Every structure is written in structure tokens, then in C-alpha cells.
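Input: a single structure, listed below in C-alpha cells.
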Amino acid sequence: MQVVVVGSGIVGSSVAYECAKAGAKVTVLEAGRVAGATSSISFAWTNATTKFPRAYYDLNVAGMRAHLELRRDFGTTPWLKQTGSVEWRNRAEDQAAYLENFRQMKEWGYGVEWLSRKALAEMEPDVNLAGIADFPISYFPEEGWVDPALYCAWLLRAAKARFGAEVHEFARVTAIETRGGKVRQVRTAEGGSFPADAVINCTGGWADATLGDACGIPLASTIGILGFTPPVAMTLRSQLHADDMDLRPDGAGRIMIHKISVDQTLQEPEPLAPDSAQGLALLAAAREVLPALEAVDLEAIRTTVRPFPADGYTCAGAMPGIEGHYMAVTHSGVTISPYLGRAVADEVVRGEDHADLDSFRPQRFFQNTPSAAERTDA
């Protein structure tokens, strides 16, 4: 079976590896460089907290477990940092929702516990306790983060070396061509032509594009902005989630900063300077939690498109209208990618359906789209 995977971010790399492992002849077509788009500009937090409804929560938990299970394939997972997360809310009006989420996560068996201020000070002495209001602090020991570029490099290298997959960078797909209602080949802007029995679209924030005979899905993507400090002499290990801000180590002493209200200042991704209004807002908020950052300015700031299918939930499954056209797009790509890759391989290559994906099929966006057979009869 010849499978073409469009996109080499964390979802595309997972899908390519698992399809190749399942026995397919896999070709990956990437418009730019491997992991060069959203995956590398992601807070990359592995978690299932606040993921509702239950089916979406279960999908994210399965992803977290699948990350650990990759150790069986590789012996090590250097891209995964299971450091745990600390979370709090500073405003009284946010406490009800915060406490309800804690209760629901506990009821569903998620790893979460209350953390005293004394315990936090001992665990993360760089954190400014004076910047935390006198409300409960929660700790999620099973959460962590991923280095997406490293993840993609390892999985694609294994797909090539172990199973003969091909990876083509700077090969932008322009058309998925069909015959008799079935996928037949894929064409690129550079003039390449690749035969295919199945095409799996893993293009994230670009998954709404029509590619020849194949339509995309409706998206409601948002803008993501990340700030990065230079190396700072701190011992911070955990992720910190305070109100609408996220902080974590990013290797070599650097700290990554994200804040939802800063994301909302842009309608389209655009280059920003470290001393832009957005950069200064990120740094000011982070300094309230980590006083050691007073001594530095931002080293870099990056923007990207964060992929959201139109209803906000993962979209995974066969696209209507064309046999062999499959979609795998999600905002939770970092968390669920290893599980989603395996599930997609089971369905596309092995012919084994995953009932836990039934709530997330593309068909929900195309209730009136005719089937391939109906289009052929017409």
C-alpha cells in the first residue's frame, strides 16, 4: 500500500512512522523543512486537564500514555520531559471553575494533587510566592512537555532507516488527484508526482486548503506567540500555569513564555521584535513569577498559526467524497500525536477502526457531501 503523508510536523511524523511500521510504503511531502512550522513554535505541553467532554479527555490521556510507550520502540525518548506542572489562579472570580476542574480531573482518575506553598518553595525555589494569591495551588505530576523538532527527527529517521520511508522537504502539495472516486496520485508545486492509495492530510493550520480534487476542513485557527529568554541561572524544572500565562524551561537555561491575552493582540501571524509591545508584556508577566528574569530581556519572540478545526476538536478520519483521503488535524497535536499516529495507521493500513475516534470524524463538517460512490454514479 502506498501512503502519502502531507506535512511533517509532530502529527505528520507520527502518522508517517506508524504507517511505515504497519507495512505501508510511505512518502512524506513537506512544504518547508521538517517540523518547521507550528510544531516548532508550540508550548508543547502534554496534558489532558480541562479537556472536555470525556471523549476528548480520553483521547488526550491516550496520547500521554502513548508518549511513554514509544520507549519500547526507541529505548529512550529524549524529546519527552515529564517534569510535572504547577497551576494556580490569582483572582477570586476564577476559583469556582478552577476548583471544579480539579474535582472533575480527580473523579476521572487524572494525576492531580494540592500543593502547599511550603512544598512549592522547596520544589521550585525560583518562584516568587509573593506573586501568588492565597488560593489553592495544584500539582500535575504526570504532565510534561515535548521538544517537537527532536521528536520529528527521531521518528522520521526511524521511518526511513527501519521501514524505507521517503521524506521530501520543500515539496509543497498542490493537488490530490483521483480517478473513479479514489485517490490515485499527489502532485507538488515543484513538478513531482507521487502515486498513492491513500493520502493523509497532516497540514495543521493549512488543512482548510483545497488540493486539486480534495477539499479541506473548516478551521477556526488562532495566533500563538511565544517569548524566549536567554540562558538564566535558575533551577526551574516544572511548568508553571498562572491565570492565562504558561512558563516552562526550554533547555540550556532558557525560559519559554506564553500568555493567551498576548496571543489575542494579533489577528494574523506577523514578525515581532523582542522589544515589541507583545514581547514586553510577556516578559513583565513572567518577571512577576520568576524574579530572576529582571536581569534579562527577551532573546526571541515567535508567532505561528495554532490549528483549530472549526468546532475546536480533533479531526481524524476518512474524508467524505473521496476514497483514500484521510484527515489528521488537531490543536492537541503534541499530546495526542503518538496515539493518533498509531490509530491512523490501524485504520488506513490495517483496516481496523478505532471507535474512540468516532466523535472526531471529518464527516461532522460535511453532512450533505455525497459519497464517492454517489459522485461516481452521478
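Positions are given from 1 along the sequence. Since we're looking at a predicted model, the values are computed, not measured.
Annotation for Gly63 and Pro338: closest pair O-CG, 3.7 Å, computed over non-hydrogen atoms.
Judged by distance alone, with hydrogens and angles left aside, the side-chain atoms of Arg364 form a donor-acceptor pair with the main-chain N or O of Arg361 at under 3.5 Å. For the pair Lys118 (side chain) and Leu115 (backbone), a donor-acceptor distance under 3.5 Å is absent. Remark: the backbone N or O of Glu352 is not paired with any side-chain donor or acceptor of Asp346 at under 3.5 angstrom. In this structure a side-chain-to-backbone donor-acceptor pair under 3.5 Å is missing from Arg172 to Glu190. Of the possible donor and acceptor atoms, none in the side chain of Asn128 sits under 3.5 Å from a partner among the backbone N and O of Val289.
By the rule that hydrophobic residues join a cluster once side-chain heavy atoms approach within less than 4.5 Å of another member, Ile176 and Leu29 end up as members of one cluster. Placement of Ile132 and Ile257 within a single hydrophobic cluster is found when ILVMFWY residues are connected by side-chain heavy-atom separations under 4.5 Å, directly or transitively.
Look at Arg187 and Glu177 and you find a salt bridge, because one of the NZ, NE, NH1 or NH2 atoms lies within 4.0 Å of a carboxylate O, short of that distance. A salt bridge links Glu93 with Arg91: the closest approach of a Lys/Arg side-chain nitrogen to an acidic carboxylate oxygen falls below 4.0 angstrom. One finds no salt bridge joining Glu69 and Arg65 here, because no Lys/Arg side-chain nitrogen approaches an Asp/Glu carboxylate oxygen to under 4.0 Å. Look at Lys106 and Glu113 and you find no salt bridge, because none of the NZ, NE, NH1 or NH2 atoms lies under 4.0 Å from a carboxylate O. A salt bridge is defined here as a Lys NZ or Arg NE, NH1 or NH2 lying under 4.0 Å from an Asp or Glu carboxylate O, and Asp58 with Arg54 meets this definition.
Between Tyr110 and Tyr57, the angle of the ring planes goes over 60°, which puts this pair in the perpendicular group of the 30/60° scheme. Using cut-offs of 30° and 60° on the angle between ring planes, the pair Phe74 and Tyr17 is tilted. Classified by interplanar angle (parallel below 30°, tilted 30° to 60°, perpendicular above 60°), the ring pair Tyr339/His354 is perpendicular.
Taking the ring pair (Phe, Tyr, Trp, His ring centres under 6.0 Å) definition, one finds that Phe194 meets it with His168, sequence neighbours left out. A search for salt bridge (charged side-chain N to carboxylate O under 4.0 Å, His left out) contacts involving Asp73 returns Lys21, not counting sequence neighbours.
For the pair Arg89 and Phe135, the NZ or CZ position fails the cation-pi test of under 6.0 Å to the six-membered ring centre and within 45 degrees of the ring normal. A cation-pi arrangement is absent between Arg248 and Trp45, since the terminal nitrogen or guanidinium carbon is not both under 6.0 Å from the aromatic centre and inside a 45° cone about the axis.
For the ring pair (Phe, Tyr, Trp, His ring centres under 6.0 Å) test with Phe102, the passing option among Trp114, Tyr139, Phe140 is Trp114; the others fail.
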request  = Carefully, step by step, assess Ser238 and Thr83 under the rule side chain to side chain donor-acceptor pair (under 3.5 Å).
outcome  = CA-CA 5 Å; Ser238 307; Thr83 56; 5.8 Å; no

request  = Evaluate side chain to side chain contact (heavy atoms under 4.5 Å, CB included) for Thr50 paired with Met105, printing each intermediate quantity in order.
outcome  = CA-CA 8 Å; Thr50 70; Met105 294 298 101; over 6 Å; no

key: Tyr151 vs Asp147, side chain to side chain contact (heavy atoms under 4.5 Å, CB included): CA-CA, chis, key distance, verdict   = CA-CA 6 Å; Tyr151 177 99; Asp147 183 329; over 6 Å; no

query = Can you list the steps and then say if Asp197 with Val4 is a side chain to side chain contact (heavy atoms under 4.5 Å, CB included)?
reply = CA-CA 8 Å; Asp197 299 304; Val4 172; over 6 Å; no

query = Checking salt bridge (charged side-chain N to carboxylate O under 4.0 Å, His left out) for the pair Glu299/Arg254: CA distance, chi angles, key distance, verdict?
reply = CA-CA 9 Å; Glu299 184 175 76; Arg254 290 177 171 83; 2.8 Å; yes

key: Test side chain to side chain contact (heavy atoms under 4.5 Å, CB included) applied to Trp145 and Ser85, step by step   = CA-CA 9 Å; Trp145 58 276; Ser85 295; over 6 Å; no

message = What verdict does the salt bridge (charged side-chain N to carboxylate O under 4.0 Å, His left out) test give for Lys25 and Glu166, after you've listed the backbone C-alpha separation in whole Å, the side-chain angles of each residue and the deciding distance to 0.1 Å?
response = CA-CA 8 Å; Lys25 181 180 179 181; Glu166 297 181 2; 5.4 Å; no

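Once rounded to the nearest 0.5 Å, the distance linking OG1 of Thr229 with CG of Asp250 reads 8.5 Å. Rounding to the nearest 0.5 angstrom, the gap separating the NE2 atom in His331 from the OG1 atom in Thr222 is 6.5 Å. Interatomic distance, CG of Asp311 versus CZ of Phe365, reported as 4.0 Å (0.5 Å rounding). Expressed to the nearest 0.5 Å, how far OG of Ser13 lies from CG of Leu156 amounts to 3.5 Å. Within the model, atoms CG of Asn47 and CD of Glu87 stand 9.0 Å from one another, a figure rounded to the nearest 0.5 Å. A distance of 7.0 Å separates CD of Gln264 from CD1 of Ile260, quoted to the nearest 0.5 Å.
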Which atom pairs, one a donor and one an acceptor, fall under 3.5 Å between side chains of residues 270-286 and the rest of the protein, sequence neighbours left out?
unit_1: Ser276; atom_1: OG; unit_2: Ala273; atom_2: O; d: 2.8
unit_1: Ser276; atom_1: OG; unit_2: Gly279; atom_2: N; d: 3.2
unit_1: Gln278; atom_1: NE2; unit_2: Thr265; atom_2: OG1; d: 3.2

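When side chains are defined from C-beta on, Pro125 counts as touching Thr235, because their heavy atoms get closer than 4.5 Å. In this structure the side chain of Cys215 never reaches within 4.5 angstrom of the side chain of His325, judged on heavy atoms. Side-chain contact between Lys51 and Ser332: present, with at least one pair of heavy atoms (C-beta onward) separated by less than 4.5 Å. Residues Ile322 and Lys182 form no side-chain contact, since every pair of their non-hydrogen atoms from C-beta on lies 4.5 Å or further apart. Side chains of Leu290 and Leu236 form a contact here, defined as non-hydrogen atoms less than 4.5 Å apart. Using a 4.5 Å heavy-atom cutoff, the side chains of Val329 and Thr314 are not in contact. Two residues are said to be in side-chain contact when any heavy atoms from C-beta on lie closer than 4.5 Å; Ile200 and Val6 fail this criterion. Contact of the Val15 side chain with the Val3 side chain is not registered, since no non-hydrogen atoms from C-beta on lie closer than 4.5 Å.
Under 3.5 Å, the side chains of Thr46 and Thr335 contain no donor-acceptor pair of N or O atoms. For the residue pair Asp263 / His258, a side-chain donor-acceptor distance below 3.5 Å is found, with atom types taken as modelled.
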